[in-house]
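Comments concern the structure below.
All ligand and atom numbering here is 1-based and tracks the order in the structure. Everything numeric here is computed off the predicted structure, so don't read it as measured data.
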Amino acid sequence: MQSWRRSGVILIIALAIVGIVLLTGASFQKGILGASTPDDTLYQYSTIDALMLGLYDGGVTMQNLTTRGDFGIGTFDRLDGEMIVLDGMVYQARADGTVSQAAPAHTTPFAAVAFFDTDRSYQLNRYDNLSSLTSTIDTLLPGENHFSLIRIDGTFPAVKVRSVPAQQTPYPKLEDAVKEQKVYTLSNITGTVVGVWSPAFVQGINVPGYHLHFISADRKSGGHLLDISTDRATLSLDEVAGLKMDLPTTGDFLTADFSGNQSAALGVVEKGTAPAR
Ligand code: ZN
């Protein structure tokens, strides 16, 4: 009788332990799953420094890229224009000012995409230039040390974009290639700013800070954003805490020398200032 009672007590303790393990296990698993949904990962192909060094051969197709995200930016094989990925469509803004949909087999040497889910949105009023606009976005970013997808929809009094023409081998460095950039100013244009905020620690891998492109609502003009003024616009932000990268497995990437610091040259390339001065 005593041993029966003892077994009963042991059984109850054992069940209690199993219950505690199951409960903690469940909440732990929930936390892990919550942090790893596909929507929370930026997918990037190659590195910004590879592009800086003139590695412009495409390695990932649009067909593949769009399985990794429906929103993002990049460029095309041979540096043939600026890439805008919006609502799952890939657009190519060429230096001649035209925009077309990129073919599924077209390739990219550098791109970053993710699935856009709006975390927060804000109404923006009047901003006279890009730096005053980004100063405000600075205060709205969920955090500087995660990626944020940035989408701004509206009708803009002025948008200044650039694109770069396709390059021939041997490829020049990016800071030389952008000397051939074509700049377009679009007036009273309805469209969307598509871009990414990246933390400071991505230096060498991606562009620290804002990297923004633009495409018009009629999908006929766009490019890498150099300046913008706003009247009324909607800003949507999507915080992204994950990063997945694929690196080129063939070509010059394997032997390129990445030991140099490209930050200063990158600043010139992104702002598009030096060639114009
Ligand atoms: Zn760009």
Side-chain angles (χ1 to χ4, degrees), residues 42-56 58 60 62 65 69 71-86 89-100 102 106-114 130-131 133-134 137 147-152 159-167 171-186 191-198 202-216 221-228 262-276:
L42 185 76
Y43 173 77
Q44 180 179 324
Y45 178 68
S46 195
T47 67
I48 192 68
D49 274 9
L51 211 61
M52 292 299 295
L53 294 178
L55 306 182
Y56 306 144
V60 163
M62 298 308 111
L65 190 68
F71 181 96
I73 53 179
T75 184
F76 293 91
D77 183 49
R78 298 183 300 128
L79 203 66
D80 189 10
E82 310 282 346
M83 179 193 291
I84 301 106
V85 184
L86 181 59
M89 311 295 272
V90 185
Y91 301 97
Q92 181 175 14
R94 285 203 176 85
D96 65 3
T98 63
V99 171
S100 55
H106 207 147
T107 57
T108 176
F110 178 79
V113 297
L130 180 60
S131 63
L133 174 62
T134 54
I137 301 176
F147 297 91
S148 279
L149 308 180
I150 295 170
R151 173 176 182 154
I152 307 171
V159 175
K160 192 172 161 190
V161 290
R162 74 105 190 273
S163 188
V164 182
Q167 303 296 305
Y171 294 133
K173 287 186 168 186
L174 189 56
E175 60 186 302
D176 292 321
V178 296
K179 289 175 184 165
E180 298 174 53
Q181 73 181 6
K182 294 287 182 290
V183 176
Y184 299 92
T185 301
L186 314 167
T192 305
V193 174
V194 172
V196 181
W197 160 272
S198 297
V202 304
Q203 185 187 314
I205 291 174
N206 204 317
V207 178
Y210 297 97
H211 186 178
L212 306 172
H213 287 188
F214 175 84
I215 187 156
S216 61
S221 36
H224 173 101
L225 189 70
L226 295 177
D227 205 358
I228 191 166
Q262 309 290 331
S263 318
L266 177 63
V268 171
V269 165
E270 289 303 313
K271 293 190 174 71
T273 46

> Between Tyr210 and Trp197, how do the two ring planes meet: parallel, tilted or perpendicular, split at 30° and 60°?
Replying inline: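 Answer is perpendicular, since the angle exceeds 60°.
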
>> Using the salt bridge (charged side-chain N to carboxylate O under 4.0 Å, His left out) criterion, which residues pair with Arg78? Sequence neighbours excluded.
In response: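 Counting only residues at least two positions away or on another chain, Arg78 forms no salt bridge (charged side-chain N to carboxylate O under 4.0 Å, His left out).
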
>> If the condition is salt bridge (charged side-chain N to carboxylate O under 4.0 Å, His left out), which residues does Asp77 pass it with, not counting sequence neighbours?
In response: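 For Asp77 there are no salt bridge (charged side-chain N to carboxylate O under 4.0 Å, His left out) partners, ignoring immediate neighbours.
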
>> I want to verify a count. Protein N, O or S atoms less than 2.8 Å away from the Zn ion (ligand 1), how many are there?
In response: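 The number of such protein atoms is 3.
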
>> Can you list everything that forms a side-chain hydrogen bond (donor to acceptor under 3.5 Å, both in side chains) with Ser263? Sequence neighbours excluded, please.
In response: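 In terms of side-chain hydrogen bond (donor to acceptor under 3.5 Å, both in side chains), with neighbours along the sequence ignored, Ser263 is linked to Gln203, Asn261.
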
> Are any of the side-chain nitrogens in Asp176 or Lys179 under 4.0 Å away from the carboxylate oxygens of its partner?
Replying inline: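 Yes, this pair counts.
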
>> Can you tell whether the side chains of Glu82 and Arg162 come within less than 4.0 Å, N to carboxylate O?
In response: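 A salt bridge links Glu82 with Arg162.
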
